[in-house]
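Data block below; observations after.
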Amino acid sequence: MSDKLTKKFYASLTIFSLIGQIAWVIENMYFNVFIYKMFRASAAQISVMVAASAVTAAVTTLLIGALSDKVGRRKIFLCAGYAFWGVSILSFGLIKMDVLTKMTGSVVAAATLGCNIVIVLDCVMTFFGSSANDACFNAWLTDMGDETNRGKIEGINAMMPLLAVLVVFGSFMSFDLDKAESWTGIFFIIGGVVIVVGGLGFFLIDDSKSRELLKNAREENSHYFANIFYSFKPSVIKQNYMLYVILAAFAVFNISIQIFMPYLILYYEQSLKLTNYVLIMAPAIIAAAVVTLFYGRVYDKFGFEKSVIPVVATLMAGYVFLYFFTNIVLVFIGSLLMLSGFLSGMAVFGAMVRDNTPQNKTGMFQGVRIIAQVLIPGVIGPAIGAAVLKNADKISNGDGTESFIPNHNIYLAAFIAGLFIFLAVWGVSCLKKKNSTN
């Protein structure tokens with residue numbers, strides 16, 4: 001068999017994946033900077049924001065994934081979801097510290113209120129983003145692929161987070177992130193782009209294969225509330241046990257990532273004093289994106305075990321460099337290794353998950369996927385990071401508030417968590433061998 005997907009599919013994949021990841025970059029990396037700079041958020045508050053968003057993402061994906069299976073449509077949820085996602089991003093541009101200070105009469109009270117508003121709005125944004133991207137876009141990708149092209153699809157899909165970081169860094173590197181008006185501009189620009197892409201999707205997205213698959217399983221998918229919990233049924237877990245083992249390993253992988261990722265930009269800027277971190281990161285991002293693009297095909301050719309071990313080792317090597325060194329060149333090498341391992345690992349795990357997801361029920365399994373990929377790591381990882389940074393150095397701001405300074409211990413914690421990835425991969429390998437002999 002050969003890859004028979006059309007150029008229109010790959011164009012749709014590229015556009016929706018990239019713009020979706022740009023929106024997620026704003027949430028996963030820049031909201032942390034936004035709430036830190038504008039409202040003096042602590043590591044604990046950042047951890048709460050990430051965890052609340054992760055819970056929202058998991059619940060939303062369970063509900064909307066099962067609903068799209070029942071309705072038999074992906075396109076309407078995907079495109080309308082992107083449009084509302086964009087609107088929710090725009091709303092962050094309306095949160096102003098000076099307005100909140102006038103309302104509360106206190107800078108400290110205004111900062112606390114601002115943090116709380118951002119956390120709530122982040123959950124609203126995540127609802128629309130997860131509906132469109134986590135639930136329906138990912139279900140559509142699974143519907144469209146097969147064993148001949150999933151590595152290729154995931155190679156493209158998994159490199160988009162890095163390209164999104166590059167686009168966001170490059171587009172907004174001239175913005176002064178210490179000024180509220182810069183954030184207003186960022187949120188309005190990104191929100192507007194996401195809205196436009198949602199509209200374009202009605203012309204670009206072809207979900208005929210999804211509709212055909214879901215039509216054939218319409219009777220099985222007709223009971224909505226039962227479908228929400230379908231992927232948690234013991235009989236379903238037993239029937240698809242390899243999928244759940246892979247998801248467990250995927251969760252361990254992402255816990256390691258989430259220990260440091262919420263604090264990454266703050267670490268570069270506040271701890272290393274790299275005011276030009278965009279120029280340092282950009283070459284690393286480009287190189288890692290190229291590696292990820294082609295690495296997905298390694299999975300297609302050699303399978304899971306032979307493709308996942310090198311990327312985990314690369315990720316761990318990146319942690320070592322980032323923990324021990326502060327020299328710009330060595331930080332660049334560490335960042336390159338970390339980003340290459342991270343995104344290539346996402347491609348390999350993502351392809352393995354899709355290969356083990358039942359084709360006519362992909363929406364029902366997006367919730368359990370997001371639990372492993374987002375919920376568990378999003379709760380555990382940032383909490384570990386916040387615990388590591390509990391006694392981090394602090395600086396006093398001119399308005400009477402304090403800000404913490406992230407330190408390199410987050411990479412040591414990520415490395416320790418990363419050791420368990422090898423154990424999880426070994427467990428997957430053992431079960432695969434056992435399954436092949438039965």
Can you find a side-chain donor-acceptor pair between [X] and [Y] that sits under 3.5 Å?
{"X": "T126", "Y": "S53", "value": "yes"}
{"X": "S182", "Y": "D176", "value": "no"}
{"X": "S256", "Y": "Y319", "value": "yes"}
{"X": "T101", "Y": "K96", "value": "no"}

For the backbone of [Y] and the side chain of [X], can you confirm whether one donor and one acceptor N or O come within less than 3.5 Å of each other?
{"X": "S91", "Y": "S88", "value": "yes"}
{"X": "N32", "Y": "P262", "value": "yes"}
{"X": "N240", "Y": "V236", "value": "yes"}
{"X": "S340", "Y": "L337", "value": "no"}
{"X": "K75", "Y": "F202", "value": "yes"}

Pairwise side-chain contact, [X] with [Y], heavy-atom cut-off 4.5 Å (strictly under):
{"X": "W140", "Y": "D206", "result": "no"}
{"X": "M144", "Y": "K209", "result": "yes"}
{"X": "Q21", "Y": "V168", "result": "no"}
{"X": "I15", "Y": "L200", "result": "no"}
{"X": "L322", "Y": "V331", "result": "yes"}
{"X": "I257", "Y": "P377", "result": "no"}
{"X": "F77", "Y": "S131", "result": "no"}
{"X": "F188", "Y": "L94", "result": "yes"}

- [ ] Please report the C-alpha distance between F187 and F34 in whole Å, then the side-chain angles of each, then the deciding distance to 0.1 Å, and finally whether the ring pair (Phe, Tyr, Trp, His ring centres under 6.0 Å) criterion is met.
- [x] CA-CA 11 Å; F187 292 134; F34 172 60; 5.0 Å; yes

Which heavy atom of [X] sits nearest to which heavy atom of [Y], and what is that distance?
{"X": "A54", "Y": "G378", "answer": "CB-CA, 3.9 Å"}
{"X": "G65", "Y": "S68", "answer": "O-OG, 2.9 Å"}
{"X": "F420", "Y": "I416", "answer": "CD1-O, 3.4 Å"}
{"X": "I205", "Y": "S12", "answer": "CD1-CB, 3.9 Å"}
{"X": "A164", "Y": "I22", "answer": "CB-N, 3.5 Å"}
{"X": "G385", "Y": "I410", "answer": "O-CG2, 4.4 Å"}

How long is the straight-line distance from [atom2] of [Y] back to [atom1] of [X], given to the nearest 0.5 Å?
{"X": "I89", "Y": "I190", "atom1": "CD1", "atom2": "CD1", "result": "7.0 Å"}
{"X": "Y268", "Y": "S271", "atom1": "OH", "atom2": "OG", "result": "11.5 Å"}
{"X": "N133", "Y": "L141", "atom1": "CG", "atom2": "CG", "result": "8.5 Å"}
{"X": "I64", "Y": "S130", "atom1": "CD1", "atom2": "OG", "result": "10.0 Å"}
{"X": "T357", "Y": "R369", "atom1": "OG1", "atom2": "CZ", "result": "8.5 Å"}
{"X": "I405", "Y": "L272", "atom1": "CD1", "atom2": "CG", "result": "11.0 Å"}

- [ ] Run the ring-centre check on F415 versus Y323 and record whether the distance is less than 6.0 Å.
- [x] no

TODO: Indicate, with yes or no, if the rings of F92 and F31 have centres closer together than 6.0 Å.
DONE: yes

In residues 107-123, what donor-acceptor pairs under 3.5 Å come from side-chain atoms, sequence neighbours left out?
unit_1	atom_1	unit_2	atom_2	d
T112	OG1	V108	O	3.2
N116	ND2	T112	O	3.3

Parallel, tilted or perpendicular: ring planes of [X] versus [Y], cut at 30 and 60 degrees:
{"X": "Y411", "Y": "F260", "result": "tilted"}
{"X": "F321", "Y": "F325", "result": "tilted"}
{"X": "Y263", "Y": "F404", "result": "perpendicular"}
{"X": "F172", "Y": "F175", "result": "perpendicular"}

Above 12 or not: heavy atoms from other molecules or residues under 6.0 Å from [atom1] of [X]?
{"X": "Y267", "atom1": "OH", "answer": "yes"}
{"X": "K394", "atom1": "NZ", "answer": "yes"}
{"X": "K8", "atom1": "NZ", "answer": "yes"}

TODO: Applying side chain to side chain contact (heavy atoms under 4.5 Å, CB included), name anything that partners I195, two or more places apart in sequence or on another chain.
DONE: V87, L90

TODO: Would you please name every residue forming a side chain to side chain contact (heavy atoms under 4.5 Å, CB included) with K37, sequence neighbours left out?
DONE: V33, L177, D178, E269, Q270

Task: ring pair (Phe, Tyr, Trp, His ring centres under 6.0 Å) evaluation trace for Y82 with F16 - done: CA-CA 9 Å; Y82 265 72; F16 272 80; 4.9 Å; yes

Open item on the list: If you apply the rule side-chain contact (heavy atoms from CB on, under 4.5 Å), what do you find for I46 with I35, and how did you get there?
Closed with: CA-CA 8 Å; I46 291 174; I35 200 172; 4.1 Å; yes

TODO: Go through the steps to decide whether V379 and Q258 satisfy the test side-chain contact (heavy atoms from CB on, under 4.5 Å), and finish with yes or no.
DONE: CA-CA 9 Å; V379 172; Q258 286 300 322; over 6 Å; no

TODO: Kindly determine whether L274 and I328 satisfy side-chain contact (heavy atoms from CB on, under 4.5 Å), including the steps that lead there.
DONE: CA-CA 8 Å; L274 299 176; I328 291 180; 3.9 Å; yes

Task: Electrostatic pair D143-R74, nearest N-O below 4.0 angstrom - done: yes

- [ ] Give the C-alpha distance, both sets of side-chain angles, the deciding distance and a yes or no for side-chain contact (heavy atoms from CB on, under 4.5 Å) between Y36 and S42.
- [x] CA-CA 7 Å; Y36 178 90; S42 66; over 6 Å; no

